[in-house]
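For reference, the structure discussed in these notes is given below.
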Amino acid sequence: MRRSHPSRATAWVVGYLVFVLAPLFALLIGTVGPARDFWTEFSAAIGYAGLAMMGLQFGLTARFRRVTEPWGEDVLYHLHRQLSLVAVALVIAHPVILFIVRPNLIGLLTFVDAPWRARFAVLSVVSLLVLVMTSLWRARLRMRYETWHHLHVVLAVAAVVTGLAHMVSWGFYLADPWKRALWISLTVFWIGLLAYVRIVRPLFMLRRPYTVTQVRAERGDTTTLVMEPDGHDGFHFEPGQFGWLTVWGGPFRITGHPFSFSGSAEAGEGSVEMLIRRLGDFTATVKTIPVGKRVYVDGPYGAFTIGNPADMHILIAGGVGITPMMSIIRTLADRHDNRPVILLYGATDWELITFREELDKIAGLLALTTVYVLTDPPADWTGERGFITADILRRHVPPPYDEHEYFICGPPPMMDSMETTLSTLGVPMSKYHSERYNFA
């Protein structure tokens, strides 16, 4: 995540609120039904707002670079999850409040005998509840990522469409044709964002495939994929960015997998490398990908990149979080950057440290100091032990702390701890960047 300029952040938030609230206030113009009690009107308002927020969720994951650039895709995906919970809470609160103030409406829950306007409401709420439960408990349910992703899209579309059908068929605030047209147009726009991601963008990707030229086993149960553009010039990425990879099937497959680029941004000729650790169903198949395989890479994305003024770079990596750090290190070496780089690298044991040998070699080309922190070190280990902590950071990073630029990527507890530590050391938010690589 790159900390956005306050004015851009404000504009982004204001724009979001406009998209959510403008359709709501439009309902108050023109023909309006007879006045009702406060709680009934309040429940209707939050229901409309919740539906608008659900529709805008398609936009947050549509991968528009002008939207994602100030924040980073990881931030928007986390925001997507949090706003989904808020939207679902608003939608569910709508009927709950109505049932409390108007108990006679509970009879509408008898799905078979209820009118269609009530059936649409039930279908929308049930779709949302299943969507949330499968998202929060996917690991407990042992649901494959690909299966969950397909179900997630279907349920999201079903929730929005049936929610709109409930609004139109109830018609209390949508008596005017232009109001119905407004909300129908908004829904078409929201679904259109999904179509853009699933149809339009893949059409462009179809003409820009990549070919796997190397499948290289690395330490720590990881594999490096090296891919070259096939019939085109590829794209330029900044060190620390990532792309969405599709291997088994064409770009129209609903599930792509996000991985950071691990190669140098100065490699040239459009070549891209990704380091992938075996963590699930798809990643277990990466080492079996044959050389010559045609794949598709959608990128680059992310704001986890160098470029701010700094006297040195401090890279804090845990586990597979070394991937974007390696791209930064390789790029700085290729650029002959003479500023010091300190890498705090947390791993389980010495034999599982990915890129260990290459880091030793790069130290001769770059002012690189690597500090390994092992949770299960060998008996003769004299280096740092346990986890990367505030004390370890203070021992190896010289003051003034607020003059350096920091990059943090790894397990959430480590990242939370480091962000808190940097804040207590007086490092401004604009000087440190975090990449949380769980997008599911």
*What residues form a side chain to side chain contact (heavy atoms under 4.5 Å, CB included) with Pro324, not counting sequence neighbours?*
Ser260, Phe304, Cys409
*Just grab all the salt bridge (charged side-chain N to carboxylate O under 4.0 Å, His left out) pairs involving residues 375-389, residues at least two apart or on different chains.*
Glu384-Arg395
*Taking only residues at least two apart or on different chains, which pairs with a member in residues 284-295 satisfy salt bridge (charged side-chain N to carboxylate O under 4.0 Å, His left out)?*
Asp230-Arg294
_Could you tell me if the side chain of Phe387 sits less than 4.5 Å from the side chain of Pro413, heavy atoms only?_
no
*asked:* Measuring only between side-chain heavy atoms, which start at C-beta, is Phe235 closer than 4.5 Å to Val272?
replied: yes
_side chain to side chain contact (heavy atoms under 4.5 Å, CB included) against Thr288, all qualifying residues, sequence neighbours excluded_ = Trp248, Thr285
Let me check something: any side-chain donor-acceptor pairs from residues 339-356 under 3.5 Å, sequence neighbours excluded? List them with distances.
from   : atom 1 : to     : atom 2 : distance (Å)
Arg339 : NE     : Asp337 : OD1    : 3.1
Arg339 : NE     : Asp337 : OD2    : 3.4
Arg339 : NH1    : Ala310 : O      : 3.2
Arg339 : NH2    : Asp337 : OD2    : 2.8
Tyr345 : OH     : Thr354 : N      : 3.2
Tyr345 : OH     : Thr354 : O      : 3.1
Asp349 : OD1    : Glu351 : N      : 3.0
Asp349 : OD1    : Leu352 : N      : 3.2
Glu351 : OE1    : Arg219 : NH1    : 3.1
Thr354 : OG1    : Arg219 : O      : 2.9
Arg356 : NH1    : Trp350 : O      : 2.9

*asked:* Using the side chain to side chain contact (heavy atoms under 4.5 Å, CB included) criterion, which residues pair with Val126? Sequence neighbours excluded.
replied: Val122, Val130
*Closest heavy-atom contact between His94 and Ser43?*
ND1-O, 2.7 Å
*So do Ser327 and Thr323 actually touch side chain to side chain, heavy atoms under 4.5 Å?*
no
*Who are the side chain to side chain contact (heavy atoms under 4.5 Å, CB included) partners of Val18, not counting sequence neighbours?*
Val14, Ala22
*Tell me the salt bridge (charged side-chain N to carboxylate O under 4.0 Å, His left out) pairs involving residues 38-61, sequence neighbours left out?*
Arg36-Glu41
_Run the side-chain hydrogen bond (donor to acceptor under 3.5 Å, both in side chains) test against Asp416 and tell me which residues pass, sequence neighbours left out._
Arg436
*What pairs with His396 under ring pair (Phe, Tyr, Trp, His ring centres under 6.0 Å), at least two apart in sequence or on another chain?*
none
_Residues that Asp391 engages under salt bridge (Lys or Arg N to Asp or Glu O under 4.0 Å), provided they are two or more places apart_ = Arg394
*Contact check, side chains of Leu85 and Val88, non-hydrogen atoms, under 4.5 Å*: no
*Where do Ile276 and Val286 come nearest, in terms of heavy atoms and distance?*
CG2-CG2, 3.8 Å
*Go through the steps for Glu273 and Thr224 under the test side chain to side chain donor-acceptor pair (under 3.5 Å), then give the verdict.*
CA-CA 7 Å; Glu273 296 185 21; Thr224 291; 5.2 Å; no
*Does Arg278 have any side-chain hydrogen bond (donor to acceptor under 3.5 Å, both in side chains) partners at least two apart in sequence or in another chain, and if so, which?*
none
